[in-house]
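Reviewing the structure listed below.
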Amino acid sequence: MSGPYIIRGSVSLPEAELMWRFSRSSGPGGQHVNTSDSQVELRFDLAKTEALPQVWKDRAMERLAGRMVGGVIAVRASEHRSQWRNRETAAVRLATLLAEATAPPPRPRRATKIPRGINERRLREKKQRADTKRGRTGRAWD
């Protein structure tokens, strides 16, 4: 791998906790791809890791509950012919997934009152549009 994959800030994916599995890829390539194990499956045990702060871990466990099996998150990559590039792709994909899952929730929207002028203008334009459409009827053409 080309170095530590940073999730956010100074937190990165620990290399010792990454579990790699390789298999034959059905992706692009010629005859060589049929005999080499170029598909990569990267597994990360989110439930047991100590690399993430507890708040982030709880947030990620909640948001990624549908993607996990037994607290383990898995990512696959088979786009490239070379195993090395697929490893890079899988690691970047996992880091991005964890970064999105551990992001803080958005600030709640503050409800504001619609200004009276805007509402009046909307109603005035609506009435004008209705008058325009009413003028298009064929009743006056007799």
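Every heavy atom of this structure was used, including side-chain atoms; hydrogens, water molecules and symmetry mates were not. Sequential numbering from 1 along the given sequence is applied to the chain's residues.
With 3.5 Å as the limit, one finds a donor-acceptor pair spanning the side chains of E17 and T49. Side-chain contact, T89 with H80: a donor N or O sits under 3.5 Å from an acceptor N or O. Under the 3.5 Å distance criterion, with hydrogens and angles disregarded, a donor-acceptor pair is assigned to the side chains of N119 and R122.
Of the inter-residue distances, the one linking Q83 atom CD with S23 atom OG reads 9.5 Å to the nearest 0.5 angstrom. Atom-to-atom distance recorded for L13:CG and L18:CG is 5.5 Å, nearest 0.5 angstrom. S38 OG to R85 CZ: the interatomic distance, rounded to the nearest 0.5 Å, is 11.5 Å.
Contact of the D45 side chain with the I73 side chain is not registered, since no non-hydrogen atoms from C-beta on lie closer than 4.5 Å. Looking at heavy atoms from C-beta onward, P104 lies out of side-chain contact with W56 at the 4.5 angstrom threshold. Contact of the T102 side chain with the R63 side chain is not registered, since no non-hydrogen atoms from C-beta on lie closer than 4.5 Å. A 4.5 Å side-chain heavy-atom check between R121 and P115 finds every atom pair outside the cut-off. The closest side-chain heavy-atom distance from V40 to V75 is not below 4.5 Å. Contact of the V72 side chain with the M68 side chain is not registered, since no non-hydrogen atoms from C-beta on lie closer than 4.5 Å. Looking only at side-chain heavy atoms (C-beta outward), Q39 and R76 come within less than 4.5 Å of each other. Residues L98 and L64 have side chains in contact (heavy-atom distance under 4.5 Å, counting atoms from C-beta outward).
Using a cut-off of 4.0 Å between Lys/Arg side-chain N and Asp/Glu carboxylate O, E79 and R93 are scored as salt-bridged. Using a cutoff of 4.0 Å between basic side-chain nitrogens and carboxylate oxygens, R124 and E120 are not scored as salt-bridged.
Both the sub-6.0 Å distance and the 45° axial angle are not jointly satisfied by R43 relative to the ring of W20.
Around atom CG of L123, more than 12 heavy atoms belonging to other residues, nucleotides or ligands sit under 6.0 Å away.
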Apply side chain to side chain contact (heavy atoms under 4.5 Å, CB included) to the pair E100 and T96, showing each step before the final yes or no. CA-CA 6 Å; E100 290 172 1; T96 305; 3.8 Å; yes
- Could you please spell out the steps behind the side chain to side chain contact (heavy atoms under 4.5 Å, CB included) verdict for L52 and V11? CA-CA 7 Å; L52 298 176; V11 179; 3.7 Å; yes
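In this structure, V92 is a member of the same hydrophobic cluster as F22, with clusters built from ILVMFWY side-chain heavy atoms closer than 4.5 Å.
When all heavy atoms are compared, the tightest approach of A51 to P14 is CB-CG, 3.6 Å. In terms of heavy-atom proximity, A47 sits nearest to M61 at CB-CE, 3.9 Å.
Under a 3.5 Å cut-off, the side chain of R21 and the backbone N or O of E41 do not form any donor-acceptor pair.
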